[in-house]
There are 2 protein chains.
Amino acid sequence: MDLDLRKLRYFSAVAEHRHFGRAAQALFIAQPVLSRQIRAFEQELGCALFVRSTRSVELTPAGRQLHEEARRIATVVDTALGRVREAARGEQRLVVAFSPGLHVSEAIRAFTARHPEVAIDVLPMRWWERDTPLRDGRAQVGYLRCPFDEAGLRTVPIGEETKLACLPATHPLAGRESLVLADLDGERMLDARTHHMSSLEVKFELIASGQGVSLVPKSVAASYSRPDLVYLPVTDLPPVPNRLAAPQDEATGLVADFLDLATEVLRQA
Amino acid sequence: MDLDLRKLRYFSAVAEHRHFGRAAQALFIAQPVLSRQIRAFEQELGCALFVRSTRSVELTPAGRQLHEEARRIATVVDTALGRVREAARGEQRLVVAFSPGLHVSEAIRAFTARHPEVAIDVLPMRWWERDTPLRDGRAQVGYLRCPFDEAGLRTVPIGEETKLACLPATHPLAGRESLVLADLDGERMLDARTHHMSSLEVKFELIASGQGVSLVPKSVAASYSRPDLVYLPVTDLPPVPNRLAAPQDEATGLVADFLDLATEVLRQA
DNA sequence: CGCGTTGATACCGTGCGGGCATGGATCTGG
DNA sequence: CCAGATCCATGCCCGCACGGTATCAACGCG
């Protein structure tokens, strides 16, 4: 976090113009200033960003990487500022997170019908995330797969579901009708936060390419059917419950209202 | 992007300590400095972040929002710096993007077998994205659904697939066997980048809750089956081709190797 | 009502960002 | 092959913003 966004802007300008003079012109500063700032930036980072001659300016590998990251940082910062100003204007927003496979549409429909003035965001969680979006404020309500840390959260049970073993279709066990957990001894389980697995799609790609196996909830298995994957029931694996959760200190009536409507919708279904 | 990360750090410290003196202590600066910086920050943003009395410091709604955004910004910035240093150390990385429903596992397995020293990232694209990840450098190779702008890209055809209409199960047309495009006249099509649709899951949630309909490729429909959605063939809609693409100026042998291996894998299948 | 606590204000010094002038290297045209 | 143009780097100066110390003002508590 010890990064100077001004220097990053300067860097981006040079990276795009590939020319110190024109970049300086675009930034409305003098060219020598830019030279010095870029050099200082390189020293802070501890690596060169450009290879310069008097006739050309090219990016190093680190420079190319930073150029991409700069774009990402810019969008995150800009949307952040937008959200803050939105909040300052008093606009209300409710973010509903859900674990993969759980569906929230009915509750949202009921909620928007009652509170048309509230903007609703739906946040699809990563498969390895549990209660973190509620903890760090990214969401106010969550449809979560158990287990997760319920301390400080108000939760409501919303049914349970079994888990299936997910194997590549070429796996020796793929022909079986069902498994017991012991059958998976020695397999690489892709369950913890290994690699940089960002999404379920990536996880399934890894399984399909033979880099491991996994246990996935039934609803997820139903949604992600692929010819190169097989799902097998595991007879000695108890079903996992799902829960609707919200931080206890969310005193805003909106969250309470959402929980009420959601439980009512569930009772009807 | 006109944001001072130093001031943001200061803000986060006060927000967490809810106390200017102790926050200043944690930041190793004097308390009056902190008071002034926060006040200046509030003026830059144009809104109050704290309600202060001599006995308590509380966050305003805008302050709460900024507190969350600050966390997100911090993680983005930190991972960005890590990636840059990684690139500076000369570590190689190949990012393979793919449109929803397209599978890349075989090609990756073949590639890692030949280049075990190269780290591979798999980037699941958003459903409305086409060639942008290749343009802005987020990926070096892409399995893309047509149409996209092929200028400056080297592309290889990888088959084609039909698209299906996706409707909520409660829709009047849901009982039909098939549709023609004219049947969907007057329906709200969730195809452009409307709303803040960040993912397919969100799109399906919107369709299920009756806010519109959409046309989705067959492989996507096969992967995301839900009881509250129906998929119908559209008889007068031609199939869309898919293509493997890479920027022409990616002269690194890695990308060329990946394309060769991928096309070979496809020929075998 | 006096005292401790806590945030805000006043004032001052220093360092960093910015400007201008100029140097040194490289390419180009005659 | 040399003169000029181009372009990044360096040297030097200035102003302002950031940080520090001293102090004030408001509030709570015994």
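Of the candidates dA26(D), dT5(C), dG20(D), dA26(D) carries the atom nearest the Thr54(B) side chain, counting heavy atoms from C-beta on. Comparing dC18(D), dT10(D), dA26(D) by their closest approach to the side chain of Arg6(B) singles out dC18(D). You'll find that the side chain of Pro32(B) is closest to dA22(D), out of dG7(C), dC8(D), dA22(D). Here the nucleotide nearest the side chain of Gln31(B), chosen from dG18(C), dT5(C), dA8(C), is dA8(C). Among the nucleotides dC7(D), dT6(C), dA9(D), the one closest to any side-chain atom of His19(A) is dC7(D). The side chain of Ser35(A) has dA9(D) as its nearest neighbour among dA9(D), dG18(C), dT9(C).
No contact: Phe50(A) has no heavy atom under 4.0 Å from any strand. Among the heavy atoms of the strands lying under 4.0 Å from Tyr10(B) are primed sugar atoms or P, OP1, OP2 only; no base atom is included. Residue contacts shown for Arg36(A) include a base, since a base heavy atom lies under 4.0 Å away. Among the protein residues, Ala30(A) comes within range of the sugar-phosphate backbone only, with heavy atoms under 4.0 Å from sugar or phosphate atoms but none that close to a base. Using a 4.0 Å heavy-atom distance criterion, Arg52(A) is classed as a sugar-phosphate-only contact.
Per the geometry, CD belonging to Gln37(B) stands 14 Å off C1' belonging to dA8(C), to the nearest Å. When rounded to the nearest whole Å, the span between CD of Gln43(B) and P of dA8(C) equals 13 Å. As a whole-Å value, the separation of Glu44(A) CD from dC16(C) C1' is 11 Å. At whole-Å resolution of the value, CD in Gln25(A) and C1' in dT6(D) are 14 Å apart. The CG-P distance, from Leu34(A) to dC20(C), rounds to 15 Å in whole Å. For Arg18(A) and dC8(D), the CZ to P distance is 13 Å, given to the nearest whole Å. The separation between Ile29(B) atom CD1 and dA17(D) atom P is 17 Å, rounded to whole Å. Regarding Glu42(B), its CD atom lies at a distance of 13 Å from the C1' atom of dG7(C), rounded to whole Å.
Ion pair Glu58(B)/Arg52(B) not flagged as a salt bridge, since none of the NZ, NE, NH1 or NH2 atoms sits closer than 4.0 Å to an Asp/Glu carboxylate oxygen. A salt bridge links Arg93(A) with Asp121(A); the closest basic N to acidic carboxylate O contact falls under 4.0 Å. Ion pair Arg72(A)/Glu69(A) flagged as a salt bridge, since at least one NZ, NE, NH1 or NH2 atom sits closer than 4.0 Å to an Asp/Glu carboxylate oxygen. By the 4.0 Å N-to-carboxylate-O rule, Arg243(A) lies close enough to Glu150(A) to be salt-bridged with it.
Note on ring orientation: taking the six-membered ring where Trp is involved, the planes of Phe11(A) and Phe41(A) are perpendicular (angle over 60°, cut-offs 30° and 60°).
If you find the closest nucleotide of DNA chain C to Arg55(A) and to Lys7(A), the one lying nearer the 5' end belongs to Lys7(A).
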